[in-house]
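Just so you know, ligand 1 is whichever comes first in the structure, and atom 1 is the first atom listed for that ligand. Along the sequence shown, residues are numbered consecutively beginning with 1. Side chains included, hydrogens not; waters and symmetry mates left out as well; all remaining heavy atoms used.
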Amino acid sequence: MKVSETLLHPTRVVWSVRQLRSLTRQVGSTFGHEFAEIARYDPRSRWWTRLALTEGVELWLLSWLPGQATPPHDHGGAAGSFTVVRGALTERYRYPDSGEHRGLRRAGETVAFGAGRAHVVANTSVEPALSVHAYSPPLVPTREYPSLAEIPARRVALPARRGSVVVEVP
Ligand SMILES: [Fe+2]
């Protein structure tokens, strides 16, 4: 499958949260059938593949078997969005100045967020799940924490890992 330049805006270097939301929503609704064909489900660990990378954004497809989950993490200073394509995902999240929240994200639903959000995403259902994720700026490593409660109020944005990566629009 090929995500078109119309959706990826290859000349856009900085994506807003609203633009990221629109991207994963559109890609999720446009490529649902293709995703069903290329997705893999691995009982040993979560599976993912990168769908696209530009100067401004990266796009990923992730699969989740029941019980699979991320560790508590933030996105190193990147903003992000994800759209559930199949099944449902439970998200526990918080910002430095707020308590913990929890939401069930069903197929067709999108969650977009700025750099301050940290979360745990899990498939707590009994069916496999599939989701498409976008981050801007791209190639910024995630940062893991022992728990959501231990995320510090002040966090420094991490640099992008651009050293050995060829930036391309697939
Ligand atoms: Fe995340």
- Sub-2.8 Å protein N, O or S atoms surrounding the Fe ion (ligand 1): H73 NE2, H75 NE2, H119 NE2

- Smallest heavy-atom separation, G77 atom then A115 atom, equals O-CB, 3.4 Å

- Item | E100 CD: over 12 foreign heavy atoms closer than 6.0 Å | yes

- What is the ring orientation for H119 with H75, classed by angle as parallel under 30°, tilted 30 to 60°, or perpendicular over 60°? perpendicular

- Classify the ring geometry between Y95 and Y93 as parallel (under 30°), tilted (30 to 60°) or perpendicular (over 60°). perpendicular

- Task: May I have the step-by-step check of side chain to side chain contact (heavy atoms under 4.5 Å, CB included) for V27 and T83, ending in yes or no?
- Result: CA-CA 9 Å; V27 170; T83 295; over 6 Å; no

- Is the number of heavy atoms from other residues, nucleotides or ligands under 6.0 Å of R12 CZ greater than 12? yes

